S.K.: 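Below is a structure I'd like to ask you about.
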Amino acid sequence: MTDITALLLSRIRDVPDHPQPGVMFKDITPLLADPKAFTALTDALAELAVRHGATKIVGLEARGFILGAPAAIRAGVGFVPVRKAGKLPGATLLQAYDLEYGSAEIEVHAEDLSAADRVMVVDDVLATGGTAEASLQLIRRAGAGVAGVSVLMELGFLGGRARLEPALAGAPLEALLQI
C-alpha cells in the first residue's frame, strides 16, 4: 500500500445503513476536512489530468465539483460543471441515463467545451457507472475529446468499470482506491 493510499483510506469513514439498511456509505467528509489528505488527493487528480493531456476537467455534481475544481487549478486547466437537469442557466446539452431504479438527466453548457478540448471527468466514486457514462456522451456531443475518467474510489462490486469501458473507447479509467 502506498503512502497516499493509506492516507486516503484512513480519512474515509464507513457509515453503515446509509442511506438505507444494508448499504455501507463511504463518507469522504473527514478526508476533505484534513488539509494534508485533501491536498494529496488534489495533487493526485491534477497529475492524472496532466498525464493524460487534459485541457479541461469536468466535475460531476456534487462531490465532483469539490474534487475537480481544485484539481483543475492545480493542473492549470479549466473546470466545467456537469449538473443535474434544470440547474444551469442558458443553452445546455442534456443527457438522460438509467439508474438502478429509474432514470436521471444531466447537462452541461455546450459552449464551455470545444473540439480543441480533451476532457478528464472527475468524481468521488465510480459505482454503477451511469453518471460517468452519460457525462462522456455529453462531452462527445459537445465536440470535445475524452482524456479519461478519474475517481477517488471505485466500488468494484457494482460493475461500473465494465459498464463504462465501451463509452471510454480506449480512454483510461483511473481509480485512486479500489473498494
Side-chain angles (χ1 to χ4, degrees), residues 1-52 54 56-77 79-84 87 97-102 104 106 119-136 139 146-165 167-168 171-179:
M1 182 180 300
T2 66
D3 288 345
I4 187 173
T5 300
L7 175 61
L8 297 176
L9 282 171
S10 75
R11 300 305 188 275
I12 297 171
R13 179 176 54 149
D14 286 345
V15 180
D17 299 322
H18 180 80
Q20 62 189 35
V23 172
M24 181 65 73
F25 184 78
K26 299 294 185 181
D27 181 13
I28 68 166
T29 58
L31 187 157
L32 300 174
D34 180 327
K36 182 178 178 184
F38 193 18
T39 298
L41 173 57
T42 299
D43 289 346
L45 292 171
E47 191 278 325
L48 290 171
V50 169
R51 181 185 333 150
H52 296 298
K56 296 221 172 112
I57 287 178
V58 155
L60 304 182
E61 188 166 349
R63 290 181 296 268
F65 297 174
I66 297 168
L67 304 184
I73 291 168
R74 187 65 51 97
V77 301
F79 176 78
V80 178
V82 167
R83 307 265 344 242
K84 294 174 183 168
K87 301 286 185 178
Y97 63 101
D98 292 328
L99 299 168
E100 189 174 353
Y101 300 104
I106 56 174
V119 181
M120 177 67 72
V121 175
V122 171
D123 205 4
D124 63 330
V125 175
L126 176 66
T128 61
T131 308
E133 179 184 40
S135 71
L136 295 175
I139 290 163
V146 173
V149 174
S150 297
V151 296
L152 167 58
M153 62 186 133
E154 177 182 354
L155 305 180
F157 61 93
L158 292 176
R161 182 173 291 266
R163 176 179 180 169
L164 203 52
E165 281 185 356
L168 283 164
L173 168 57
E174 303 271 8
L176 299 175
L177 303 173
Q178 304 278 336
I179 308 281

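Because only heavy atoms are used, hydrogens play no part in the values below, and waters and symmetry mates are left out as well, while side chains stay in. These numbers were taken from a predicted model, which means no experiment stands behind them.
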S.K.: How close do Leu48 and Met120 get, heavy atom to heavy atom, and via which atoms?
M.R.: O-CE, 3.7 Å

S.K.: So Met153 and Ile28, side chain to side chain contact (heavy atoms under 4.5 Å, CB included) or not? Walk me through it.
M.R.: CA-CA 10 Å; Met153 62 186 133; Ile28 68 166; 3.5 Å; yes

S.K.: Nearest heavy-atom pair of Phe79 and Phe65: which atoms, and what distance?
M.R.: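 In terms of heavy atoms, the two residues are closest at CZ-CA, 3.8 Å.
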
S.K.: Counting C-beta onward and ignoring hydrogens, is there a side-chain heavy-atom pair between Val149 and Leu126 closer than 4.5 Å?
M.R.: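 Of all side-chain heavy-atom pairs linking Leu126 with Val149, none is under 4.5 Å.
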
S.K.: With a 4.5 Å cut-off on side-chain heavy atoms, are Arg163 and Leu158 touching?
M.R.: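 Leu158 does not reach Arg163 side chain to side chain.
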
S.K.: Counting only N and O atoms by type, is there a donor-acceptor contact under 3.5 Å from the side chain of Asp17 to the main-chain atoms of Gly22?
M.R.: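 Flag set: sc Asp17 to bb Gly22 pair under 3.5 Å.
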
S.K.: Do Ile179 and Ile12 come close enough that some side-chain heavy atom pair is under 4.5 Å?
M.R.: no

S.K.: Considering only heavy atoms from C-beta outward, does the side chain of Leu41 approach that of Arg11 to under 4.5 Å?
M.R.: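 In short, these two side chains do not touch, never coming nearer than 4.5 Å.
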
S.K.: For Leu164 and Gly129, which heavy atoms make the closest approach, and how far apart are they?
M.R.: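 Reported closest heavy-atom pair: CD1-O, 4.0 Å.
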
S.K.: Taking Leu7's backbone N and O only, do any of them form a donor-acceptor pair with Ser10's side chain (distance below 3.5 Å, no angle check)?
M.R.: yes

S.K.: How long is the gap from CG on Leu9 to CG on Leu177, to the nearest 0.5 Å?
M.R.: 4.5 Å

S.K.: Could you check if a side-chain atom of Glu174 sits within less than 4.5 angstrom of a side-chain atom of His52, using non-hydrogen atoms only?
M.R.: yes

S.K.: Between CG of Asp124 and CG of Leu32, what distance do you get to the nearest 0.5 Å?
M.R.: 9.0 Å

S.K.: If you look at every heavy atom in Ala71 and Ala46, which pair is closest and at what distance?
M.R.: O-CB, 3.5 Å

S.K.: Closest approach of Ser135 and Leu60, non-hydrogen atoms and distance?
M.R.: CB-CD2, 3.6 Å

S.K.: Return the NZ to CD1 distance between Lys36 and Ile4, rounded to the nearest 0.5 Å.
M.R.: 10.5 Å

S.K.: Within a strict 4.5 Å, meaning less than it, do heavy atoms of the Val125 and Val151 side chains meet?
M.R.: no

S.K.: Once you round to the nearest 0.5 Å, how far does CZ of Arg161 lie from CG of Leu155?
M.R.: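 These two atoms lie 12.0 Å from each other.
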
S.K.: Atom CD of Glu154 and atom CG of Leu176: how far apart are they, to the nearest 0.5 Å?
M.R.: 11.0 Å

S.K.: Is any side-chain heavy atom of Leu45 closer than 4.5 Å to a side-chain heavy atom of Leu67?
M.R.: yes

S.K.: Just verifying a value: how many Å separate Phe38 CZ and Leu31 CG, rounded to the nearest 0.5 Å?
M.R.: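 Reported value, rounded in 0.5 Å steps: 8.0 Å.
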
S.K.: Can you find a pair of side-chain heavy atoms, one from Thr29 and one from Arg13, that are under 4.5 Å apart?
M.R.: yes

S.K.: Determine the minimum heavy-atom distance between Pro172 and Ala147, stating which atoms define it.
M.R.: CD-O, 3.2 Å

